[in-house]
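Report on the following structure.
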Amino acid sequence: MGAASLGSRNSNRKQSTLLVPELATPMSCLQSLSGQLLSLQNPNPNCLPPSLLPLRRHSSNDPTTQSSPPQEDDLPVLIADAVLRHSGDDDPRTLARSLSRLSPNAWPPALVDRVMKRLWNDGPRALLFFHSLLRLPSFRPAASSFDLAIDLAGRLRDPRALRRLLFLRQHHGLPPTPRTFAIIAERHLAAGKPDRAVRSFLSMPRLGCPHDLSTFNSLLDALCKSRRVEKAFSLLRALKNRFLPDAITYNIIADGWCRLKRTPKALEVLREMVDSGIEPTLNTYNILLKGFFRAGQIREALEFFSQMKKRGRKKNPISGGNCRPDVVSYTTMVHGLGLAGQLDKSRKVFDEMVDQGCLPSVPTYNALIQVICKKGSVKDAILVFDEMVRKGYTPNAVTYNLVIRGLCHAGEMDQAMEFLERMKREECEPNVQTYNILIRYWCEEGEIEKGLQLFGTMLGRGGCLPNLDTYNVLISAMFTRKRPEDMVVAGKMVREMVERGHLPRRFMFNRVLNGLLLTGNQGFARELLRMQDRHKRLARVVRP
DNA sequence: ATAGGGTTAG
């Protein structure tokens with residue numbers, strides 16, 4: 001399709017009130033802008049899903065573990081399994097001995113990082129693994145592995161472990177990097193301590209990590225992503241002279257306002273950006289476009305998008321070069337229009353992008369599939385799934401999860417399970433979300449056994465560790481039947497989640513405790529209380 | 001891993 005026909009279509013539109021700022025006359029445009037805008041067949045505690053049995057998930061005569069010989073690629077899987085199976089004591093020396101037996105002399109950083117990521121949802125084990133490696137004389141740790149460990153210590157809210165890791169990394173001649181400070185800032189922000197995040201940033205040069213604009217930008221980004229846009233902005237004001245802001249700086253702040261659905265503020269930032277002589281980028285426009293949808297300003301989004309197209313067609317490379325919609329803009333449109341209930345328009349934009357010479361990506365298909373699942377029928381979403389496969393795209397885990405969720409929501413549990421199998425067959429590893437979706441819906445259907453069964457299989461080879469959501473879903477489900485055995489299962493889940501570094505909400509903990517007391521499981525209840533005592537530091541900060 | 005595009009369920 002030629003630009004001419006589009007042009008005429010566009011010129012028929014009513015006069016726009018919203019314009020993409022043009023560099024030629026930034027002021028005038030912006031002035032008009034800123035105004036607006038296991039199968040427990042028999043629920044017997046002895047018949048728990050494997051992970052709840054006292055350790056040892058694969059018995060050695062399990063045929064599935066004996067088959068395939070270890071390959072380069074599943075080395076991280078095998079090692080992570082070994083760490084999880086390593087029972088009993090938390091002495092790094094014991095595990096260090098096993099590791100030095102089990103494995104190569106060399107522990108390349110990539111391998112270590114992959115194992116740690118696999119163990120991510122068992123923070124204590126992941127840290128034990130890393131500390132054990134540090135005991136091997138030949139081990140040369142990498143900064144990236146220290147960063148992962150520091151991140152985990154922060155997530156486990158263990159400042160002592162964190163300080164120790166910082167000390168150890170210095171000892172290995174690895175000063176903290178900008179990434180390290182980003183991790184720490186993010187932890188402070190998640191804990192509701194923005195001032196500490198800022199102070200940690202200010203301390204960087206003193207700790208051997210020089211400041212620059214990019215480190216400043218990442219602090220602003222972390223502040224904005226945790227909704228402290230005002231704070232980010234005043235920090236920018238205060239330090240403007242030390243860190244001369246660039247387009248990214250302004251994009252970060254604009255995005256912060258957009259996340260709070262305050263598009264007028266985002267437009268003000270845009271104006272200030274242009275006033276200080278910084279040219280908005282395509283990212284800037286995509287941020288705004290998404291912002292309009294987030295704020296429910298569908299008409300504004302449509303108008304903004306059409307201005308992007310209109311200006312993008314101009315020959316003038318300065319005013320048009322950076323606002324022609326790209327695949328991200330189109331994906332934003334497909335997603336936004338669909339969520340707003342305008343499926344026809346969404347599909348139209350999807351088809352139009354190809355005419356415009358912009359090929360959809362996997363995320364574009366994901367956006368379309370998601371909105372069809374939500375506002376249309378899963379059947380149609382699967383047609384799009386088939387279409388993308390036919391065109392040679394490889395669906396990723398997000399794609400599968402969307403279809404599986406759609407099927408679950410439509411009550412098509414069996415078909416959802418078939419998609420899980422298909423996912424494995426196509427060697428797209430199911431992730432924890434995949435399992436969470438299926439477990440949740442099985443439980444909602446009243447098929448708690450099926451949920452527990454999935455919980456049991458998710459830990460198998462090529463599986464993944466449960467996270468907080470997994471435990472929350474299953475523990476809640478244990479209260480739908482009024483069986484004493486279920487309380488024991490719930491209690492074991494609470495014990496296991498705490499051992500893996502996940503904090504149950506106070507409400508959940510007390511509910512399980514009461515359940516155990518009411519069903520005559522005083523002993524187990526006492527054990528949980530003792531555990532809570534041991535984890536006092538954790539228990540005190542039970543999430544709100 | 002310096003910014004933009006896909007995942008709760010209600």
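Chain identifiers are assigned alphabetically (A, B, ...) following the order of the sequence lines, protein sequences preceding nucleic acid strands; residue numbering begins at 1 within each chain.
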In whole angstrom, give the distance that lies between atom [atom1] of [X] and atom [atom2] of [N].
{"X": "A:Arg294", "N": "B:dG6", "atom1": "CZ", "atom2": "C1'", "result": "13 Å"}
{"X": "A:Arg259", "N": "B:dA3", "atom1": "CZ", "atom2": "P", "result": "11 Å"}
{"X": "A:Asp255", "N": "B:dA3", "atom1": "CG", "atom2": "C1'", "result": "8 Å"}
{"X": "A:Gln433", "N": "B:dA9", "atom1": "CD", "atom2": "C1'", "result": "15 Å"}
{"X": "A:Phe201", "N": "B:dT2", "atom1": "CZ", "atom2": "C1'", "result": "12 Å"}
{"X": "A:Asp221", "N": "B:dA3", "atom1": "CG", "atom2": "C1'", "result": "7 Å"}
{"X": "A:Ile404", "N": "B:dG6", "atom1": "CD1", "atom2": "P", "result": "20 Å"}
{"X": "A:Phe293", "N": "B:dG5", "atom1": "CZ", "atom2": "P", "result": "13 Å"}

Should [X] be listed as having a side-chain N or O under 4.0 Å from OP1 or OP2 of [N]?
{"X": "A:Arg179", "N": "B:dT2", "answer": "no"}
{"X": "A:Tyr365", "N": "B:dG5", "answer": "no"}
{"X": "A:Arg440", "N": "B:dG10", "answer": "no"}
{"X": "A:His335", "N": "B:dG6", "answer": "yes"}
{"X": "A:Lys225", "N": "B:dT2", "answer": "no"}

_Is it the case that the base of B:dG4 and the side chain of A:Asp326 share a donor-acceptor contact (distance under 3.5 Å, atom types as modelled)?_
yes
*Is there a donor N/O on one and an acceptor N/O on the other, under 3.5 Å, for the side chain of A:Ser361 and the base of B:dG5?*
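In this structure, the two groups form a donor-acceptor pair.
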Looking across every strand, which nucleic acid part, if any, lies under 4.0 Å from [X] by heavy atom: base, sugar-phosphate, or nothing?
{"X": "A:Val327", "answer": "base"}
{"X": "A:Phe243", "answer": "nothing"}
{"X": "A:Asn431", "answer": "nothing"}
{"X": "A:Ile287", "answer": "sugar-phosphate"}

Kindly list each side-chain donor-acceptor pair under 3.5 angstrom involving residues 184-197 of chain A, sequence neighbours excluded, with atom names and distances?
from: A:Asp195; atom 1: OD1; to: A:Lys231; atom 2: NZ; distance (Å): 2.9

Proximal nucleotide (of [options]) relative to the [X] side chain:
{"X": "A:Asn217", "options": "B:dA9, B:dG6, B:dT2", "answer": "B:dT2"}
{"X": "A:Ile248", "options": "B:dG6, B:dA9, B:dT2", "answer": "B:dT2"}
{"X": "A:Asn283", "options": "B:dA9, B:dA3, B:dA1", "answer": "B:dA3"}

*asked:* Within this structure, what is the CG-CZ distance for the pair A:Leu127 and A:Arg155, rounded to the nearest 0.5 Å?
replied: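 It comes to 12.0 Å.
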_Euclidean distance for P, B:dA1 against B:dG6 (whole angstrom)_ =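 Per the computed distance, 15 Å lies between those P atoms.
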*Using the benzene-type ring in the case of Trp, are the ring centres of A:Tyr330 and A:Phe350 under 6.0 Å apart?*
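When the ring centroids of A:Tyr330 and A:Phe350 are compared, they turn out to be at least 6.0 Å apart.
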Distance-only side-chain donor-acceptor flag, [X] / [Y], under 3.5 Å:
{"X": "A:Thr281", "Y": "A:Asn322", "answer": "no"}
{"X": "A:Asn217", "Y": "A:Ser214", "answer": "no"}
{"X": "A:Ser361", "Y": "A:Thr364", "answer": "yes"}

